[in-house]
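A short write-up of the structure that comes next.
Predicted model only: the values in this text are computed from it and were never measured.
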Amino acid sequence: FIRYIEKSMEISWKEIGYQKFWTYRFSSKKLRRWIKNCRVLHSRMSDFIRVLSYYINFQVIDSNRIKLEKILDRFSRGEGECELRELFEVLKSFSNTILHNSLLTKVNVLAILYHLLCTVVLYHNFVMQLRKTLILMDEDLYERNRSRMADKEFDEEKNKARLERIFRLLYNYNNQFNSNVTELIECLKYYGQFESPSFLTLFDDLVALFPEL
């Protein structure tokens, strides 16, 4: 799921950073500011996914894989007796550690993380659907792309409602993301201090990434 989100965010970054309707110099300063804020939120979300992916792939899975391979290597060289039960316990311990440190065994932490990831996916979908809305927000841009718009006409009054709507949606996505990240940080700190010290690694990375939360 995280890998899927990473690829999706790469696609939407190309959309809002380089696609011609997003890079157009709109006459409305308010709209230009909104586009800038879209990119800021996208960048924050992408940074979060990057930190989470690094934690799970390298600080959890890869580091424990290396430990497991060292144990299996000793067994393969015949250093000490290797019973099947012993090997089973080693593999079981490896699997449990991966599941636990990947946040998959704490129901409330997993619920927060799930909502956070869904927010990122929904935001990606949101920005990927805005091309026609952006065309309608500027008369010159509309005239250049009239053939794309079917029966939609340029309308200043409707544009005020459109602008208000996309401002509200961006505000909601931003608030939801910040709220979920704050909840996740608080949970990681709590469980990291009392049950799962490995969570503090991700906690430290997120606090450094989002010092304002």
Side-chain angles (χ1 to χ4, degrees), residues 1-57 112-185 205-213:
F1 190 29
I2 292 171
R3 185 60 184 151
Y4 162 76
I5 296 174
E6 281 183 310
K7 299 300 290 183
S8 297
M9 294 300 277
E10 288 173 11
I11 292 169
S12 50
W13 178 250
K14 291 177 182 177
E15 175 76 9
I16 66 176
Y18 302 101
Q19 208 280 335
K20 64 180 180 179
F21 301 130
W22 283 86
T23 58
Y24 181 78
R25 179 88 177 165
F26 290 92
S27 56
S28 169
K29 291 182 179 179
K30 192 174 181 181
L31 181 57
R32 294 204 302 267
R33 185 169 66 250
W34 178 85
I35 289 173
K36 178 182 177 182
N37 291 338
C38 271
R39 291 174 180 147
V40 169
L41 178 56
H42 191 288
S43 179
R44 285 164 55 80
M45 288 180 170
S46 295
D47 286 343
F48 169 77
I49 296 298
R50 174 181 52 79
V51 166
L52 179 64
S53 178
Y54 181 83
Y55 167 75
I56 291 176
N57 285 324
I112 293 168
L113 182 59
Y114 176 75
H115 286 304
L116 219 169
L117 296 177
C118 285
T119 298
V120 176
V121 171
L122 289 172
Y123 183 70
H124 159 80
N125 293 338
F126 168 64
V127 298
M128 292 299 293
Q129 296 170 358
L130 287 175
R131 287 189 186 184
K132 288 188 176 180
T133 300
L134 292 174
I135 292 172
L136 289 167
M137 299 300 291
D138 187 276
E139 190 168 9
D140 288 340
L141 187 60
Y142 172 80
E143 291 299 332
R144 296 181 196 179
N145 297 276
R146 182 187 285 269
S147 60
R148 293 172 174 263
M149 305 310 293
D151 58 344
K152 291 185 178 293
E153 295 292 333
F154 181 81
D155 188 317
E156 284 285 4
E157 287 304 312
K158 288 184 179 179
N159 282 344
K160 291 177 183 178
R162 288 188 184 103
L163 192 60
E164 183 179 332
R165 175 179 171 273
I166 61 176
F167 260 85
R168 184 176 66 253
L169 286 170
L170 180 61
Y171 176 83
N172 290 342
Y173 279 119
N174 190 64
N175 275 6
Q176 186 64 50
F177 177 72
N178 288 342
S179 175
N180 286 340
V181 171
T182 300
E183 284 185 86
L184 181 61
I185 287 173
D205 289 342
L206 292 177
V207 168
L209 184 60
F210 303 109
E212 74 282 3
L213 296 181

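- Here Arg146 pairs with Glu153 in a salt bridge; the nearest charged N to carboxylate O distance falls below 4.0 Å.
- Using modelled atom types, one finds a donor on one side chain and an acceptor on the other under 3.5 Å when comparing Tyr171 with Asn175.
- In summary, the side chains of Gln176 and Asn180 do present a donor paired with an acceptor at a separation below 3.5 Å, with no hydrogens or angles considered.
- Surrounding OH of Tyr18 are at most 12 heavy atoms belonging to other residues, nucleotides or ligands under 6.0 Å away.
- Under the 3.5 Å distance criterion, with hydrogens and angles disregarded, a donor-acceptor pair is assigned to the side chains of Asn178 and Arg44.
- Residues satisfying the side chain to side chain contact (heavy atoms under 4.5 Å, CB included) criterion with Leu122, sequence neighbours excluded, are Tyr173.
- In plain terms, the two heavy atoms of Met137 and Arg162 that are nearest each other are SD-CB, 3.9 Å.
- Side-chain contact, Tyr24 with Asp138: a donor N or O sits under 3.5 Å from an acceptor N or O.
- Surrounding CZ of Arg165 are at most 12 heavy atoms belonging to other residues, nucleotides or ligands under 6.0 Å away.
- Residues in residues 8-30 take part in these salt bridge (charged side-chain N to carboxylate O under 4.0 Å, His left out) pairs, two or more places apart or across chains: Lys7-Glu10, Glu15-Arg131.
- Applying the 6.0 Å contact sphere to CD of Glu164 captures no more than 12 heavy atoms from other residues, nucleotides or ligands.
- The shortest side-chain heavy-atom distance between Leu117 and Ile49 falls under the 4.5 Å cut-off.
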